[in-house]
Structures are given as structure tokens and as C-alpha cells.
Protein chains: 2
Amino acid sequence: MSKDRAPTRIQKKNRAAILEAALNVFSSHGFRGATVDQIATEAGLSKPNLLYYFPTKEAIHTALLSGLLETWLAPLHELDANGDPMEEILAYIRRKLEMSRDLPRESRLFANELVQGAPRIQDSLSSDLKILVDEKTAILVGWMDQGKIAQLHPYHLIFSIWALTQHYADFDVQVRAILGDEDPFEGAEPFVDTLYRKLLMP
Amino acid sequence: MSKDRAPTRIQKKNRAAILEAALNVFSSHGFRGATVDQIATEAGLSKPNLLYYFPTKEAIHTALLSGLLETWLAPLHELDANGDPMEEILAYIRRKLEMSRDLPRESRLFANELVQGAPRIQDSLSSDLKILVDEKTAILVGWMDQGKIAQLHPYHLIFSIWALTQHYADFDVQVRAILGDEDPFEGAEPFVDTLYRKLLMP
DNA sequence: CGTGAGTTTGACCAGATGGTCAAATCAAGA
DNA sequence: TCTTGATTTGACCATCTGGTCAAACTCACG
């Protein structure tokens, strides 16, 4: 492996292919359920070749998670203290719901990790995530104190948004088993919109 | 193994110990992440001894899931068409929240299974679960038509209840990383109560 | 071209894991 | 107590899986 040079064309291509394949495999089988061979095959590489780019299975998983954490938290980052309270929150919820629809693999990757006690990202939770949430809940509390939105426990408000939106990605099978052919997001969007309008109305 | 006789004292004790141990292990590591040895040790048995009671790892998992499905759906079963609509629904939500608090392993067992596409219980979802949900959403729609509660998409209403309540068990690590020392359920109970009162108010 | 770095692979290894089996031990009723 | 079926186990096996390695191959560039 090159020491610290700029990545070659081949390196870029293969690293990307590996991470893409790993996202597929890890998100649908969990860390333990995924095999290096499976990821290699899906990436179109041999196992030793894959291990030339990432030293261990763990390293692939870590690279994937840390690379995706930013994407995952982006919607909350965008919550703007200067916007209209109700519209800011509803827009955040809409963005989260879109992520469940467009990036379900990413959602399940994190879900798998969290359900099993987050053995590999616990640190990020109590540092990065905690800090971001505290920053944004402060904004929410400000809006509550100004009477712009209803008084609610800010942390539980955030939890409810995560739970409601990610549910559609993480428990997709169950949702579809109930809904049949109906598109989940068709009904989900107006539902959560209504729910939070009623909840947040001062 | 005895053919079809009534289970002996020892059989009862060991089968129970195995299922209890399996619940611990499967719920915190998923099916693939759990090892038979681990379950055996936790149950106080040797591996071959465990396999004397259940022929395969798969069989333990199946027995566990099907045995627990009933428990899991019980709260919804209790929803009574003849009760007061608002109070019936709020009571259902309270029962679900209590289950997240008191039976988090069971919740995570199902969560693990569902996140990975429910390879082992898909059938139960589209039969048992679907039937129960349809039966109960019919009641909800009845109440909506009578103007007793707000008009909402009944399936998504159910999903929201599942999502909100099970979130506290399934993503416990994350919830605690944010809340710190605060007891999650202390705040969750009034929060969801308020949320659904506002949502369901006609 | 030629060359050295970058890339790929077949063969291989060690440990983990699900499962088997024959033999030993135990329990309870006749 | 004796007998028979129930229970338990040590030893073992095949397979899977993460990871290694030396040798071969390919590419970019002087």
C-alpha cells in the first residue's frame, strides 16, 4: 500500500466499491453476520485483494460508520435557530423521513449497531451526537420559552422524531407486511406532518 | 429425548433455562452473533447437553420467537372496542411502553430480526400480525367515523405507537447517551401521553 | 521499452463454531 | 435393589471464516 501519496485511480475506485459493498452487506446482516468474502465478491474483488485495501473486517466497518455519521446527522445540523420554529422542525422531520426513504441501508447500518449496544460507536454517541443534540435542543427550548411552540421535553421530542422516521427504514419488512402494496412514505409524510403540527402547536 | 410423553421435571427446568439464556444471547448479539456455546454456558449446560434439548441453534431461535410473539402482541389484543376510545388507545400505549421498560430483551430480539429483514418470521408477520392489526385498526376507524378520535391513517397511527415505544428498548444505548443519568421512562411516559392526547383529540 | 511501485491472487493457516456420537451417569418406578 | 429410559459428557469432525504470504501480474512514467 502506498505510504501517504495521493490515492491512485485504482485505489479510489476500489475503496469506493468496497465501502458500497460493505454497506449492503453490513446493513442487511449486521457486523457479525457479514463475511469478508461476501463483501469482496459484491465489490468484485478477491478476498486477499480486499484486505489489501482495508487491513481487517473491523476496519471496513469503522471506515463505513465514521464516514456515514456525518451524513446521518446532517439533517439535524441544518436546524436553524433563525428560521420559523414550526417550519424548521417540520422541515427537519421531512428531511429525516426522506433519508429513511432514500438511504435505508444507512439507517439499518446504524440500527444494527445500536440494537446490539453500539459496541463500536458508543464513543461517538456520547461525544459528537450528544453535543449536537444539546446544541439543537437549546434552540428548541428557546422557542418553547418564547411560546413559539408547545412546552415539551426536548430530548423526548428529538427521540420521537428519530423513532418515527427511522422506523420506516429499519422495520421496513414489518411496515410492508401490514401495508401491502401501499407505498409507506405516501402515507407517512402527511401523517408525521399532522402529528407534529398538532403536537407543537403552542 | 422422550417421544411424546409429558415433559419430566428436568426437561422443564432445562428447556426453560435454555430459552432464558438464549433470550439474553440472541437479543444482544443477533442470531448470527450468538454462539451455541455461549447459550449453553449461560444456561449452565454443556453444548452437547443443550443440543439434546434443541436439535439446532435455529430451533432454539424459532422456539424463542414463536413463544414470545404472543407476549409481544398481547397489549394490542387487549384493545377493547367497547371501552372509551381515547382511554383505550392511551392504555395500549402505556402497556407498550411498560413492555419496553420491563422486557427490553424481547424487544431487541424482535428488532434484531426485523432490521435484518425478518428472515425467520416473515410468515408470522403477514399472517398473525397482519390479521391482528387489521382487526384492531377496524376498531380505530370505527371510532374515527364516530368522531370520537381524530381522523388519521390507522396503520401509520399503529406504526407510530410501535416506533415511539419500542425505541426506548431497542435504542437504549443512544437514549442513555443523550439523557445521561435521567431515567428514560420517567420522561417518556408523560411525553407520549401528551403527544397522543393532542394527536387524537377530534 | 524498461523498471519499480502498485495491484492481484492461489494456496494456505489457525481458530471458531455448529453439530455428532458412543459411552458413562443418573433417576424413578417395579 | 434392579432395570430401563432419561440425561450428561468428552472427544471428535467438517466447515466456515478472518487473515497471511510469496509470487505473479499490471500500470505509469522516465
Side-chain angles (χ1 to χ4, degrees), chain A residues 1-65 112-113 116 119-120, chain B residues 1-65 112-113 116 119-120:
Chain A
M1 182 105 60
S2 68
K3 287 181 184 174
D4 270 323
R5 310 231 179 119
T8 67
R9 171 182 60 85
I10 296 176
Q11 272 168 36
K12 259 191 224 166
K13 193 193 66 180
N14 284 345
R15 264 191 241 272
I18 291 167
L19 290 176
E20 168 69 17
L23 176 56
N24 275 332
V25 179
F26 282 134
S27 69
S28 59
H29 301 285
F31 180 78
R32 189 58 152 57
T35 74
V36 176
D37 257 318
Q38 217 179 335
I39 299 173
T41 301
E42 192 140 335
L45 301 173
S46 66
K47 183 168 63 164
N49 199 179
L50 179 148
L51 290 168
Y52 168 72
Y53 291 99
F54 290 89
T56 63
K57 178 183 174 181
E58 184 95 32
I60 309 172
H61 194 252
T62 303
L64 198 58
L65 278 173
N112 260 303
E113 188 65 12
Q116 301 190 7
R120 278 167 274 274
Chain B
M1 182 106 55
S2 68
K3 287 180 191 177
D4 271 323
R5 310 233 178 114
T8 68
R9 171 182 60 85
I10 295 176
Q11 272 168 35
K12 260 192 225 167
K13 193 193 64 177
N14 283 346
R15 265 192 240 273
I18 290 168
L19 290 176
E20 167 69 17
L23 176 56
N24 276 331
V25 179
F26 281 133
S27 70
S28 57
H29 300 285
F31 181 77
R32 188 59 153 57
T35 74
V36 177
D37 257 318
Q38 217 179 338
I39 299 173
T41 302
E42 194 141 330
L45 300 174
S46 65
K47 184 169 62 165
N49 198 178
L50 179 149
L51 290 167
Y52 168 72
Y53 291 99
F54 291 89
T56 62
K57 179 183 172 181
E58 184 95 32
I60 308 172
H61 193 252
T62 303
L64 197 56
L65 278 173
N112 261 304
E113 188 65 11
Q116 301 189 6
R120 281 167 272 273

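In what follows, chains carry the letters A, B, and so on, assigned in the order in which the sequence lines appear, proteins first and then strands, with residues in each chain numbered from 1.
You'll find the side chain of B:Phe31 stays beyond 4.5 Å of the side chain of B:Ile60, heavy atoms only. Using a 4.5 Å heavy-atom cutoff, the side chains of B:Gln38 and B:His29 are in contact.
Side-chain atoms of B:Lys47 come within donor-acceptor range of the base of C:dG19, with a qualifying N/O pair under 3.5 Å.
Nearer the 5' end of DNA chain C, as judged by each residue's closest nucleotide, is the contact made by B:Arg32, out of B:Arg32 and B:Arg9. Taking for each of B:Ile10 and B:Phe31 the nucleotide of DNA chain C with the nearest heavy atom, the 5'-most of the two is the partner of B:Phe31.
Taking every side-chain heavy atom of A:Val36 into account, D:dG18 is the closest of C:dT9, D:dG18, C:dT17.
The line from NE2 of B:His61 to CD of B:Glu113 is 5.0 Å long, rounded to the nearest 0.5 Å. In this structure, B:Thr62 OG1 and B:Lys57 NZ are separated by 12.0 Å, a value rounded to the nearest 0.5 Å.
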Intermediate values then yes/no, side chain to side chain contact (heavy atoms under 4.5 Å, CB included), B:Phe26 and B:Leu19: CA-CA 10 Å; B:Phe26 281 133; B:Leu19 290 176; over 6 Å; no

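Listed pair A:Thr8 / C:dT7 meets the phosphate criterion, a side-chain N or O lying under 4.0 Å from OP1 or OP2. Not one side-chain nitrogen or oxygen of A:Gln11 sits closer than 4.0 Å to the OP1 or OP2 atom of C:dG6. OP1 or OP2 of D:dT7 has not a single side-chain nitrogen or oxygen of B:Asn49 nearer than 4.0 Å. Regarding contacts with the backbone of D:dT8, a side-chain N or O of B:Asn14 is found under 4.0 angstrom from either OP1 or OP2. B:Tyr52 has no side-chain polar atom (N or O) that falls below the 4.0 Å cut-off from OP1 or OP2 of D:dT8.
Using a 4.0 Å heavy-atom distance criterion, B:Ala40 is classed as making no nucleic acid contact.
Rounded to an integer number of Å, the gap from A:Leu50 CG to C:dT9 P is 11 Å. Rounded to a whole Å, the NZ atom of A:Lys57 is 11 Å from the C1' atom of D:dC16. Between B:His61 atom NE2 and C:dG19 atom P the separation is 13 Å, expressed in whole Å. To the nearest angstrom, C1' of C:dG15 lies 13 Å from CG of B:Asp37. Here the C1' atom of nucleotide D:dG10 and the CG atom of B:Leu51 are 14 Å apart, to the nearest Å. Atom-to-atom, CZ of A:Phe54 to P of D:dG18 comes out at 16 Å; the value is rounded to the nearest Å. Atom CZ of B:Arg15 is separated from atom P of D:dT8 by 12 Å (rounded to the nearest Å). The interatomic distance linking B:Leu45 (CG) with D:dA6 (C1') rounds to 14 Å, in whole Å.
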